Structure formats: structure tokens, C-alpha cells
Visitor: 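Questions regarding the structure given below will be posed in turn.
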Protein chains: 2
Amino acid sequence: MDSHNHNQCITKCLQDAHHIAVQAGKKLTPQRLQVLQILLNDHRAVGAYDILAIMQRKPLEDRTKPQPPTVYRALEFLLELGLIHKVESQNSYYACTIDKPENRQHVAQAFICNLCGIVEEKAALAGAQGLYKKADGFGFKIDRVIMECRGTCAVCQTEQRQTGQRANTATGVNI
Amino acid sequence: MDSHNHNQCITKCLQDAHHIAVQAGKKLTPQRLQVLQILLNDHRAVGAYDILAIMQRKPLEDRTKPQPPTVYRALEFLLELGLIHKVESQNSYYACTIDKPENRQHVAQAFICNLCGIVEEKAALAGAQGLYKKADGFGFKIDRVIMECRGTCAVCQTEQRQTGQRANTATGVNI
DNA sequence: AACTGTTATGTTATAATATAACAGTTGGAG
DNA sequence: CTCCAACTGTTATATTATAACATAACAGTT
Ligand SMILES: [Zn+2]
Ligand SMILES: [Zn+2]
Ligand SMILES: [Zn+2]
Ligand SMILES: [Zn+2]
């Protein structure tokens with residue numbers, strides 16, 4: 001059902017990432033890159049401590065085992081550049097898959113499967129317009145929009161059995 | 001600017017609450033009622049531990065000082081009945097202000113002021129339709145929709161000064 | 001090279017949010 | 001009355017995130 005070439009997807013995202021970082025005058029350092037790669041590894045949302053566990057299993061050259069602040073700093077950096085998004089309803093993170101014409105932020109609609117954790121990301125177009133218009137109606141100035149849909153993806157609906165593989169990110173994600 | 005009669009608003013919400021609880025065959029016990037009243041006290045989003053602090057300052061008759069599970073149990077109950085909502089992007093909670101025709105859940109759009117913490121709640125109508133339609137397009141079955149707008153309310157835009165009163169819920173909310 | 005400002009990272013500890021687990025209590029249904 | 005289910009109390013712990021301070025790496029300047 002999925003005509004998704006993930007190798008190509010990763011390559012494209014990494015190119016974009018370097019480009020965006022340079023444009024913003026920032027550096028995509030090895031650690032930041034590692035976090036981005038972990039999130040790019042598949043299209044699931046991954047928790048900060050799952051990322052930490054992965055990094056600790058494969059520490060970078062000449063580096064000690066990373067600690068929580070290392071992960072959160074990298075996440076903050078990547079969030080600011082719009083390279084990743086946070087799933088607020090699950091305290092987890094996923095790599096942005098939307099084409100970024102300039103390096104502008106966009107309003108993301110995330111469809112998160114409660115069973116397998118996969119995230120399907122769409123750009124909010126008309127949907128966001130309505131929110132901005134509604135906010136204008138009572139003088140509210142929007143800085144940031146969060147739109148998340150929790151539910152069941154097509155694959156998990158087909159497989160009746162609950163796989164229980166959800167949130168098993170620490171062991172399921174390889175880098 | 002705000003033609004809001006809050007006493008009336010609270011009364012109405014409490015009536016609805018009792019009605020909805022009875023219809024669902026559940027009980028609005030004193031503790032649950034206390035949590036609801038704390039959230040009804042104003043239209044700000046309040047954190048679980050702020051609620052806890054308030055409850056500990058004014059414990060109910062014949063009750064010891066409540067502990068975290070007490071608060072989270074009450075919040076879970078009220079969430080299930082749709083009487084309150086959680087602000088996922090801030091780990092806080094606010095009382096639902098939308099008229100509830102039956103006791104059906106609704107999709108809430110929350111406009112949260114980053115400065116004063118006030119929440120303006122709207123019911124998502126057309127906006128949610130678009131999401132459900134979009135989800136249908138790739139076979140995703142939606143259980144729950146989260147729509148949050150973070151920004152600045154009209155009042156806080158007028159007052160240039162940052163009041164810094166945001167999140168000062170433990171001391172600011174009286175019951 | 002030595003100095004300096006800036007960004008990035010390391011390290012330790014702790015804050016903030018949320019739940020597990022089990023014991024006790026209560027209030028109706030039968 | 002007895003039993004069951006719902007509710008509550010209690011202790012401990014899990015999970016998520018940040019504060020605070022020290023050090024390193026780097027770039028430009030003299
Ligand atoms: Zn995106
Ligand atoms: Zn799935
Ligand atoms: Zn509501
Ligand atoms: Zn405000």
C-alpha cells in the first residue's frame with residue numbers, strides 16, 4: 001500500500017536539513033545530525049529518552065555517553081529550524097516530511113497511529129486559514145498552531161490483532 | 001471588552017456537569033467537584049500540581065491532604081465526561097465552556113494566551129470536517145483531534161508590559 | 001601566538017509531570 | 001446482610017524536561 005521510497009526520503013530530508021541550517025547561519029553538528037537521523041530512520045514519533053538510549057548505544061567518536069540535556073538541546077535546535085516537530089499529545093518527536101520551499105516554518109497536521117506510532121504529516125492549508133480568521137475575530141494573535149489527530153492508520157486497521165509494537169521505539173529503531 | 005458574567009458561567013457549567021454525570025451513570029463526588037470548581041474559577045489553564053496545591057490548602061471535610069493520584073483521577077474522570085480539556089502543549093487543564101446538547105464529546109479549538117494563560121475555547125466545526133475528510137483520503141481512522149493555538153490574547157496585546165502573571169496559577173487561583 | 005567573544009558540549013543535580021501498585025472504605029444491588 | 005464495584009488513601013516510582021555551572025571548540029583580532 002505504501003509506495004514510499006524511504007532511502008530517497010531520508011536523502012532528500014538530509015539535503016534540505018543542511019541547506020536550511022546553512023541559510024539560518026547555524027551548524028548541523030554531528031550530534032544534531034545523529035538525532036535528526038534517528039528521527040528520519042522511520043516515520044514514527046520517538047520519545048526523547050528513546051533517542052537518548054539509541055545515542056548511548058552508538059556514541060559518536062571521541063564522545064562520552066550523552067546525557068538528557070544533549071538530546072533536548074539537539075531537539076530544540078531542530079525544532080527551531082522546523083526540521084522536526086513535537087507530538088504534544090505524546091511527548092515525542094518526528095522528522096518533518098513536508099517540502100520546505102524557503103526555510104519557513106509551516107503549520108503541520110500530524111496523524112498519529114496509536115498502535116504503531118507512525119506519523120503521517122500533512123501541511124495545513126485551508127484548515128489553518130480558518131483558525132487565523134477565527135482568532136482575528138476576537139483579537140487573538142497566533143504564534144503557533146498545533147493540530148494532531150490520534151487514531152489508527154490504514155495498516156493497523158487491516159491487521160485486526162493489536163501488534164503492541166507501539167512505543168517500542170528504544171528497541172525498534174535502528175540507526 | 002469582556003461582557004462575560006462569570007458567576008452565571010460557573011453556575012451553568014456546574015448544572016451541565018451534574019446532568020452529564022447522572023446521564024453517564026457516574027457520580028460527581030466532592031473531590032471531583034472540587035477539581036471542576038478550581039478549573040471553573042477562571043478561564044485559565046491550570047496544571048495538575050497547581051490544582052493539587054490548591055486542594056491541599058483547602059482540604060475537604062474529613063479528608064487528609066490529597067496526593068497526586070487524587071488529582072489525576074479526578075482529571076481523568078472529568079476528561080472522560082468531556083467536562084474539561086487538556087492543553088497538550090502545556091500539560092494543563094481547563095473547564096469546557098461549550099454548550100453540550102447531549103453529553104457528546106466535541107472537538108475543541110483552544111486559543112491559549114502565552115502571557116496570562118487564559119483559554120478561549122471554540123467548537124471546531126468546518127475545521128474538523130476538513131481533518132476527517134483528509135484522514136479518509138488515506139484510510140486513517142480518527143479517534144481524537146487536538147487543535148491548539150498558542151499566542152497572545154487581546155488584553156495582553158493592549159498591555160505592552162509583560163505582566164509575567166502567566167502560569168502563576170498556584171497563587172492566583174482562589175476557590 | 002595570545003586574547004576575546006561566541007557557540008556548543010559535558011556534567012551533575014533536580015524540577016515537573018504522571019502512573020503503578022496495593023490497601024482500605026463505602027454504598028448499593030441482590 | 002453480603003458481596004461487589006467504585007471510590008479513595010498511601011507510598012513509591014516512572015517519565016519528561018530543565019537549571020546551573022564547567023569546559024571545550026571555534027572564529028576573529030591584535
Ligand atoms: Zn513539517
Ligand atoms: Zn498503525
Ligand atoms: Zn469543550
Ligand atoms: Zn493574555
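First the proteins, then the strands, lettered A, B, ... as listed; each starts at 1. Only a predicted model underlies this, so the values are computations on that prediction, with no experimental measurement involved.
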Visitor: In whole angstroms, how far is the P atom of D:dA17 from the CZ atom of A:F77?
Guide: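 One finds 20 Å between P of D:dA17 and CZ of A:F77, rounded.
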
Visitor: Does a nitrogen or oxygen in the side chain of B:N91 sit under 4.0 Å from OP1 or OP2 of C:dA18?
Guide: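 So the side-chain polar atoms of B:N91 do come within 4.0 Å of the phosphate oxygens OP1 or OP2 of C:dA18, strictly under.
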
Visitor: So, OP1 or OP2 of C:dT26: does either fall under 4.0 Å of a side-chain N or O from B:K27?
Guide: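 No.
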
Visitor: Does the aromatic ring of B:Y72 sit over the six-membered base ring of C:dT19, closer than 5.5 Å centre to centre and tilted less than 30°?
Guide: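 No; centroid distance or tilt outside limits.
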
Visitor: Quick one: is D:dT16 close enough that its OP1 or OP2 comes under 4.0 Å of any side-chain N or O from A:K86?
Guide: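 No, outside the criterion.
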
Visitor: Look at the side-chain N and O atoms of A:R73 and state whether any lies under 4.0 Å from the OP1 or OP2 oxygen of D:dA17.
Guide: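 False: A:R73 side-chain N/O out of range (4.0 Å or more) of D:dA17 OP1/OP2.
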
Visitor: State, without any angle test, whether A:K141 and B:Q157 hold a side-chain donor-acceptor pair at a distance under 3.5 Å.
Guide: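 Not at all, the side chains of A:K141 and B:Q157 share no donor-acceptor pair under 3.5 Å.
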
Visitor: If you assign B:T29 and B:P69 each to the DNA chain D nucleotide with the nearest heavy atom, which residue ends up on the more 5' nucleotide?
Guide: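 Closer to the 5' end of DNA chain D: B:T29.
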
Visitor: Parallel, tilted or perpendicular: which one describes the rings of B:H85 and B:Y94, with boundaries at 30° and 60°?
Guide: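 Correct class here is tilted.
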
Visitor: By a 5.5 angstrom centroid cut-off and a 30 degree plane limit, is there stacking between B:Y49 and C:dT17?
Guide: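 Stacking between B:Y49 and C:dT17: present.
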
Visitor: Out of curiosity, does B:I146 fall in the hydrophobic cluster containing A:M147 (side-chain heavy atoms, cut-off under 4.5 Å, transitive links)?
Guide: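 In one cluster with A:M147: B:I146, no.
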
Visitor: So does A:Q31 get a side-chain nitrogen or oxygen closer than 4.0 Å to the phosphate oxygens (OP1/OP2) of C:dG10?
Guide: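 So the side chain of A:Q31 is within the cut-off, an N or O lying under 4.0 Å from OP1 or OP2 of C:dG10.
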
